[in-house]
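Below is one structure, written out as structure tokens, with a few remarks after it.
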Amino acid sequence: MYQAIVFLPLLGAILAGLIAIFGAHARNPSGDTVEHHDHGHAHAHASIAHDDHGHDDHGHDDHHVSEPPAQGSRAAELITTGLLFVSAGLSWFALVDVGFLKHDARIALLPWINSGDLQVAWALRIDTLTAVMLVVVNTVSSLVHLYSIGYMDEDPYRPRFFAYLSLFTFAMLMLVTADNLVQLFFGWEGVGLASYLLIGFWYQKPSANAAAIKAFVVNRVGDFGFALGIFAIYMLVGSTDFETIFHAAPGLTGKTINFLGWQADALTLTCVLLFMGAMGKSAQFLLHTWLPDAMEGPTPVSALIHAATMVTAGVFMVARLSPLFELAPNAQAVVMFFGATTAFFAATVGLVQNDIKRIVAYSTCSQLGYMFVAMGAGAYSVGMFHLFTHAFFKALLFLGSGSVIYAMHHEQDIRNMGGLKDRIPYTYFVMLVGTLALTGFPLTAGYFSKDAIIESAYVAHNPFALYAFLMTVVAAGLTSFYSWRLIFKTFHGEPHDQEHYEAAHEAPIWMLVPIGILAVGSILAGFPFKELFAGHAVDDFFRESLKMKPHIIEEMHHISPVIAFLPTVMMVGGFLVSWLFYVRRPYLPVELASQQPLLYQFLLNKWYFDELYDLIFVRPAKWIGYQLWKKGDGFVIDGFGPDGVSARVIDVTRNVVKIQTGYLYHYAFAMLIGVAGLITWFMFGLGGQ
């Protein structure tokens with residue numbers, strides 16, 4: 001069963017890939033020269049923010065191409081989607097089998113690397129943590145596949161798109177079923193590759209290419225730290241196998257590593273390096289800049305990357321290595337600090353964004369910060385609970401936004417929307433459900449998981465516990481504000497674009513079914529699972545797959561009611577302010593922005609991180625590259641190397657050619673000189689002996 005869960009998406013990816021290759025070749029044997037036409041409309045706003053590629057920050061999701069679809073497009077869609085639904089169904093069986101019937105398993109597939117002490121086998125590690133991730137990844141991915149059939153209906157490259165989606169899912173499944181760090185790293189890099197392919201899917205758009213490269217490069221920074229962490233573990237333990245590492249971990253306390261001349265605590269350094277990988281993959285503060293730009297890909301990609309796969313990989317990795325992090329309290333402090341900072345930072349930026357998908361993207365960034373706060377507190381199951389619930393309502397919000405974009409003819413700027421609740425009531429309803437869950441409305445899924453994280457921060461024995469508690473509570477208020485701002489500006493008020501408003505209609509059934517299912521999940525993923533993830537059944541449910549901090553769940557159940565209700569109060573406060581600003585008195589935000597221009601620009605430009613990184617890293621790197629190319633490669637290597645040698649050869653031959661005059665007496669003279677030279681050499685040469 002588990003082999004089927006993991007390898008069915010790979011089979012789908014291979015089949016769709018073959019259809020894409022042969023379909024494209026059959027249509028256009030000479031090569032591919034298609035251009036995508038941007039159906040964006042000129043905007044009358046003078047205050048449009050430009051992103052760092054010089055494009056308006058509401059780049060349009062456009063896929064109207066004057067090309068016939070590749071042959072077999074429908075077959076590719078149905079094969080990949082069908083296989084993923086099978087995988088998703090089996091994943092739910094697996095959760096029951098492993099979580100409740102306690103049938104943990106380790107399935108050896110084949111030996112992989114055998115080199116001296118390094119023995120790496122390809123195996124599937126099946127425990128409760130894996131089962132939870134299988135459910136999240138396959139459920140959301142199957143619904144995204146189904147949704148994409150409707151959303152990508154006008155794109156001629158659908159087989160390629162579906163091949164990438166299934167490949168992405170397979171890479172994530174490899175990551176979550178890994179039994180050792182090398183296999184984990186394979187999946188880790190696999191999702192990085194697939195995200196690059198998907199974000200840059202419309203490769204004719206310069207902004208999509210730039211965003212794909214940015215995601216790839218920023219992740220390389222984090223992955224460098226992650227790789228160093230894996231090397232450190234291998235150096236300390238002599239193995240990459242999880243069982244061996246966890247068994248040896250207690251014996252590593254107190255050991256030091258000489259790191260660049262600094263005697264660092266072995267476990268702390270290793271865990272911080274591993275967390276650096278999580279910072280890149282899960283877009284934490286400082287390595288977050290790629291995430292909003294990833295919106296350049298098609299909307300279903302955003303839902304898959306931001307809800308279930310790539311960004312949750314970092315959270316999963318920290319949970320998987322919880323036995324190591326539990327022994328390194330300083331590393332846990334680092335995790336909590338970055339998580340809390342990200343939760344607050346991304347929420348502030350989300351307040352003023354105008355692209356519907358970027359608002360939801362910053363909300364993802366913020367929610368991932370929450371998950372890391374729980375990891376830093378040692379409440380790993382609580383972090384996993386939020387990962388589980390968040391997957392449903394975040395996928396719902398992204399796919400709901402896609403439905404809005406589809407209805408508005410690829411318009412993404414919420415300033416050009418308004419009044420849409422009358423035109424697309426179904427989408428409005430499911431978006432409301434997703435927003436309630438995200439803001440933590442009582443009895444929705446987000447309410448149980450998010451409040452549990454704030455409670456875990458409050459009771460944590462961590463140097464940054466109070467800081468994390470305050471940041472997450474403030475972020476709860478900000479989240480509520482920007483989430484309702486999106487709803488009010490999109491669905492309420494007067495329409496701002498009459499032409500698009502009149503033409504707006506509900507999306508096809510392919511798109512409406514998945515968001516309906518996700519809306520149900522946004523309610524039901526909470527209460528039924530509360531005891532398993534954040535209640536008294538945690539130890540029995542997760543067993544050996546997580547190493548929880550002792551008594552933290554118990555302490556969370558005994559906090560004062562004031563602390564427990566604080567997030568709900570903040571949520572209501574955020575809603576009321578948003579209602580006042582965007583429904584009751586819509587002139588207020590405009591006045592506030594004009595009164596506080598510096599603050600508004602600071603938030604609108606995302607704390608100027610992109611500009612700062614451009615100044616510190618990108619420009620110097622480009623300058624160094626240019627100098628090495630022009631001076632190093634061009635002047636020195638080519639000048640004195642191939643070009644220099646060939647130039648000298650040409651000079652010599654040019655001069656030798658001049659000797660060939662054609663006059664007999666010149667040749668006779670040359671022969672005489674030669675004979676005289678020979679005689680002289682013989683006389684002096686032999687005479688010298």
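Residue numbers count from 1 along this sequence.
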Exceeds 12 heavy-atom contacts within 6.0 angstrom, atom [atom1] of [X]:
X	atom1	value
Phe429	CZ	no
Phe541	CZ	yes
His557	NE2	yes
Glu502	CD	yes

To check you understand the geometry: which heavy-atom pair defines the closest contact between [X] and [Y], and what is its length?
X	Y	value
Leu518	Leu399	CD1-CD1, 3.6 Å
Met408	Asn416	CE-O, 3.5 Å
Val430	Ala519	CG1-CB, 3.9 Å
Ala437	Thr444	CA-OG1, 3.5 Å
Ala525	Phe392	CB-CD1, 3.8 Å
Pro300	Ser148	CB-OG, 3.2 Å

Would you say [X] and [Y] make side-chain contact, with heavy atoms under 4.5 Å?
X	Y	answer
Phe393	Leu436	no
Glu455	Pro567	no
Ser381	Ile553	yes
Trp484	Leu432	yes
Leu129	Phe316	yes
Asp293	Thr289	no
Tyr458	Phe469	yes
Pro425	Glu506	yes

Nearest 0.5 Å please: distance from the [atom1] atom of [X] over to the [atom2] atom of [Y].
X	Y	atom1	atom2	value
Leu143	Leu304	CG	CG	10.5 Å
Leu165	Ser142	CG	OG	11.5 Å
Ser401	Leu486	OG	CG	6.0 Å
Cys365	Phe345	SG	CZ	6.5 Å
Phe575	Ile487	CZ	CD1	10.5 Å
Met556	Ser456	CE	OG	5.5 Å

Should the pair [X] and [Y] be assigned to parallel (<30°), tilted (30 to 60°) or perpendicular (>60°) ring geometry?
X	Y	value
His306	Phe398	perpendicular
Tyr406	His505	perpendicular
Phe344	Trp607	perpendicular

message = As a quick check of understanding, evaluate side-chain contact (heavy atoms from CB on, under 4.5 Å) for Leu438 and Gln367, giving each step before the final call.
response = CA-CA 9 Å; Leu438 172 62; Gln367 297 304 308; 3.7 Å; yes

Aromatic ring centroids of [X] and [Y] under 6.0 Å?
X	Y	result
Phe491	Tyr428	yes
Phe448	Phe527	yes
His288	Phe338	no
Phe533	Phe388	yes
Phe372	Phe285	no

Does any N or O in the side chain of [X] come within less than 3.5 Å of the main-chain N or O of [Y], such that one atom is a donor and the other an acceptor?
X	Y	answer
Thr312	Thr309	yes
His390	His386	no
Trp290	Gly280	yes
Thr342	Gly369	no
Asn462	Ala457	no
Thr299	Gly402	no
Ser594	Glu591	yes
Ser483	Ser480	no
Ser195	Val191	yes
Lys281	Ala313	no

request  = Check whether the side chains of Gln595 and Tyr600 place a donor and an acceptor atom closer than 3.5 Å, and report yes or no.
outcome  =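 No, no side-chain donor-acceptor pair sits under 3.5 Å.
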
task = Tell me, please, which residues at least two apart from Tyr370 pass ring-ring contact (aromatic ring centres under 6.0 Å, His included).
result =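 Scan of Tyr370 (ring-ring contact (aromatic ring centres under 6.0 Å, His included), adjacent residues dropped) gives none.
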
task = Quick one: do Asp355 and Lys357 satisfy salt bridge (Lys or Arg N to Asp or Glu O under 4.0 Å)? Show the steps, please.
result = CA-CA 6 Å; Asp355 182 313; Lys357 281 166 65 180; over 6 Å; no

task = Determine, step by step, whether Gln332 and Lys549 satisfy the side-chain contact (heavy atoms from CB on, under 4.5 Å) criterion, reporting the C-alpha distance in whole Å, the side-chain angles of both residues, the deciding distance to 0.1 Å, and the verdict.
result = CA-CA 11 Å; Gln332 281 186 314; Lys549 194 173 280 303; 3.4 Å; yes

task = Report yes or no: is the cationic atom of Arg485 (NZ for Lys, CZ for Arg) closer than 6.0 Å to the six-membered ring centre of Phe581, at no more than 45° off its axis?
result = no

message = As a quick check of understanding, evaluate side-chain hydrogen bond (donor to acceptor under 3.5 Å, both in side chains) for Thr169 and Ser141, giving each step before the final call.
response = CA-CA 7 Å; Thr169 310; Ser141 182; 2.7 Å; yes

inquiry  = Tyr147 vs Trp510, test: ring-ring contact (aromatic ring centres under 6.0 Å, His included). Steps then yes/no.
reply    = CA-CA 5 Å; Tyr147 180 93; Trp510 298 106; over 10 Å; no

message = side-chain hydrogen bond (donor to acceptor under 3.5 Å, both in side chains), that's the test. Do Gln601 and Tyr608 meet it? Break it down for me.
response = CA-CA 9 Å; Gln601 286 300 321; Tyr608 291 103; 4.6 Å; no

ask   = Could you walk me through whether Tyr501 and Asp422 pass the side-chain contact (heavy atoms from CB on, under 4.5 Å) check?
value = CA-CA 10 Å; Tyr501 175 78; Asp422 304 325; 4.0 Å; yes

task = In sequence, state the C-alpha distance, the side-chain angles, and the governing distance for Met133 and Leu387, and then conclude on side-chain contact (heavy atoms from CB on, under 4.5 Å).
result = CA-CA 9 Å; Met133 290 302 291; Leu387 188 157; 3.7 Å; yes

ask   = Is any side-chain N of the basic residue among Lys214 and Asp610 closer than 4.0 Å to the acidic one's carboxylate O?
value =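 Between Asp610 and Lys214 there is a salt bridge, with a charged N closer than 4.0 Å to a carboxylate O.
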
